[in-house]
Amino acid sequence: MSTSISVDQPAAAWSGRMDGDGAEHARIHTNVKPLAETSLGECDAVFIGFSSDEGVRRNSGRDGAASGPDALRTALGSLALAKAPKSTRVTDLALADAGTIVVDTDLEDGHRKLAEAVATAIDAGTLPVVLGGGHEVAFGTYSGVAGSKLRAHNGKPRTVGILNLDAHFDLRQADRPTSGTPFKQALDAERAHATNAKYAVIGISEASNTQVLFDTAQEYGVKYLLDEECTVSNKEHIETFVRWFIESVDIVYLTLDLDVLPAANAPGVSAPAAYGVQLEIINSIIKQVTRSGKLIAFDIAELNPSFDIDGRTAKTAARLAHTALTHHQPFSA
């Protein structure tokens, strides 16, 4: 089994605030090594950049998400790895950075490269954390999950659960892949291979999805919660929905489109949300999924630094990635 990951841009050294040496001063940047300097199998998680505007461009969105991976790395670097007395977080993390896959116009080749990288990480027992890039990243991540040996499970494929935190279904029909097609691509691939996958979305905006998208969701058996349902007062219902979804599948791929958040938290995306789902709810969902022991891949999409006022979106994305990393319980068969 290969433990190397092929990228277009090698990982650079991470940097961030330094208060002193020793574990008591640990921050994410102190625990990240370039993958070339460590063993993939010894890492809890590996960062894989996916620098792409092409899917958003094809979907008539705003360019700029290609700069998202580096902006996320910068925002993540200085976050502390402290553990409060009553905390259940994991802070002794071994982290690696594989570098970045760069997409110019050949999105399909980018998907192929990302799929290989994600599958390699999964099969080494390491959580791939993919830093996008537009939401076209999702088909590459999914393809890696679907192509992994862990999914194959001795010739009897495990059921994949794709949980999307998003204002949009991204079930568009198009002549070629875009940021609006990844989950239709994934579900069509599952049908073609006669394998089982479930797709659910939390945060759907009725104002941002046409009737044909709701009809497509019904055709494919997609379960979803509307943004208006995802309130703090309805938290118990949301937790029940997530619990049902996790229990109904064997492995989980979690994808976070930052436009699910209110524009005040995430202005730096292709399509800022006028309504959105509160950060408290999104953070709680991520914590619930990562603690389940079924999460094998996680990606973050749509960070567009060109429109990110005061770096709010990057900081919010980094905080949510911090939750995923420090609460993740590795998959066990």
Side-chain angles (χ1 to χ4, degrees), residues 52 54-62 65 107 111 130 132-143 145-146 160-192 196-230 237-238 241-242 244-246 248-249 252-263 266 269-277 281-282 285-286 289 297-304:
S52 175
E54 181 61 15
V56 175
R57 188 179 299 121
R58 293 180 185 183
N59 201 31
S60 303
R62 304 193 295 182
L107 176 57
H111 282 154
V130 185
H135 214 176
E136 63 267 26
V137 66
F139 186 65
T141 306
Y142 154 77
S143 298
V145 170
V160 175
I162 305 170
L163 183 59
N164 183 19
L165 309 182
D166 199 340
H168 307 91
F169 283 114
D170 289 341
L171 290 169
R172 292 179 181 272
Q173 175 66 48
D175 294 334
R176 55 182 181 165
T178 76
S179 62
T181 65
F183 303 109
K184 187 173 188 303
Q185 290 176 262
L187 294 174
D188 284 343
E190 291 290 319
R191 285 184 171 184
N196 294 319
K198 289 187 177 182
Y199 174 47
V201 195
I202 297 177
I204 287 293
S205 166
E206 286 186 292
S208 300
N209 294 270
T210 59
Q211 187 61 51
V212 70
L213 293 170
F214 280 96
D215 292 344
T216 303
Q218 183 174 12
E219 176 191 346
Y220 282 85
V222 178
K223 304 299 182 184
Y224 61 89
L225 295 178
L226 298 174
D227 52 7
E228 293 181 1
E229 298 178 88
C230 297
H237 175 63
I238 300 165
F241 180 91
V242 174
W244 159 79
F245 183 76
I246 292 170
S248 71
V249 299
V252 176
Y253 155 40
L254 176 65
T255 179
L256 168 63
D257 187 325
L258 294 166
D259 71 20
V260 72
L261 293 156
V269 294
S270 177
Y275 192 94
V277 179
I281 296 297
I282 297 299
I285 293 168
I286 291 174
V289 174
F298 174 50
D299 64 30
I300 301 173
E302 297 287 354
L303 172 59
N304 188 329

Taking C-beta and beyond as the side chain, do V260 and V277 meet within less than 4.5 Å on heavy atoms? yes
Does a side chain donor of either E190 or Y199 reach within less than 3.5 Å of an acceptor in the other side chain? no
Worked verdict on V269 versus N304 for side chain to side chain contact (heavy atoms under 4.5 Å, CB included): CA-CA 5 Å; V269 294; N304 188 329; 5.5 Å; no
Could you tell me whether the side chain of I204 reaches within less than 4.5 Å of the side chain of D227, counting heavy atoms only? no
What pair of heavy atoms forms the shortest contact from G134 to A65, and how long is it? N-CB, 3.6 Å
For L163 and I285 the tightest heavy-atom approach is CD2-CG2, 4.3 Å
So if I apply the side-chain contact (heavy atoms from CB on, under 4.5 Å) rule between L254 and each of V289, I300, T141, which one comes out positive? V289
Return yes when atom CD of E219 has more than 12 non-hydrogen atoms of other residues, nucleotides or ligands closer than 6.0 Å, and no otherwise. yes
Should the ring pair F169 and Y224 be called parallel, tilted or perpendicular, given that the plane angle runs from 0 to 90° and is split at 30 and 60? perpendicular
Spatial distance of atom NE2 (H168) from atom OG1 (T210) [nearest 0.5 Å]: 10.5 Å
Working to the nearest 0.5 angstrom, can you tell me the gap between F241 CZ and E229 CD? 8.5 Å
Less than 4.5 Å apart, any side-chain heavy atom of R58 and any of S179? no
Please report the shortest heavy-atom distance between H111 and F139, naming the atom on each side. ND1-CD2, 3.7 Å
Measuring from atom OG of S270 to atom CZ of R62, what distance do you get when rounded to the nearest 0.5 angstrom? 6.5 Å
Listed partners of Y275 passing ring pair (Phe, Tyr, Trp, His ring centres under 6.0 Å), at least two apart: none
Working to the nearest 0.5 Å, report the span between CG of N164 and NE2 of H135. 4.5 Å
Looking at every non-hydrogen atom in both residues, tell me the closest pair between L261 and A266 and how far apart they are. CB-CB, 4.0 Å
Contact between V160 and K198 at the side-chain level, heavy atoms closer than 4.5 Å - yes or no? no
Any heavy-atom pair between the side chains of L187 and V222 that's under 4.5 Å? yes
Do the non-hydrogen side-chain atoms of T255 and F298 ever get within less than 4.5 Å of each other? no
Looking only at heavy atoms, what is the nearest atom pair of D257 and D170, with distance? OD2-OD2, 4.3 Å
From the options Q185, E54, E136, select the one residue that forms a side-chain contact (heavy atoms from CB on, under 4.5 Å) with P177. Q185
Taking atom OG of S52 and atom CG of L107, what is their separation to the nearest 0.5 Å? 5.5 Å
With sequence neighbours excluded, tell me which residues meet ring pair (Phe, Tyr, Trp, His ring centres under 6.0 Å) with F245. none
Taking the side chain as C-beta and beyond, is there a heavy-atom pair between Q173 and T181 under 4.5 Å? no
Ring-face cation of R172 near F183 (centre distance under 6.0 Å, axis angle within 45°): no
If we only count heavy atoms from C-beta on, is the D259 to P272 side-chain gap below 4.5 Å? no
Give me the atom names and distance for the closest heavy-atom approach of A138 to D299. CA-OD2, 3.8 Å
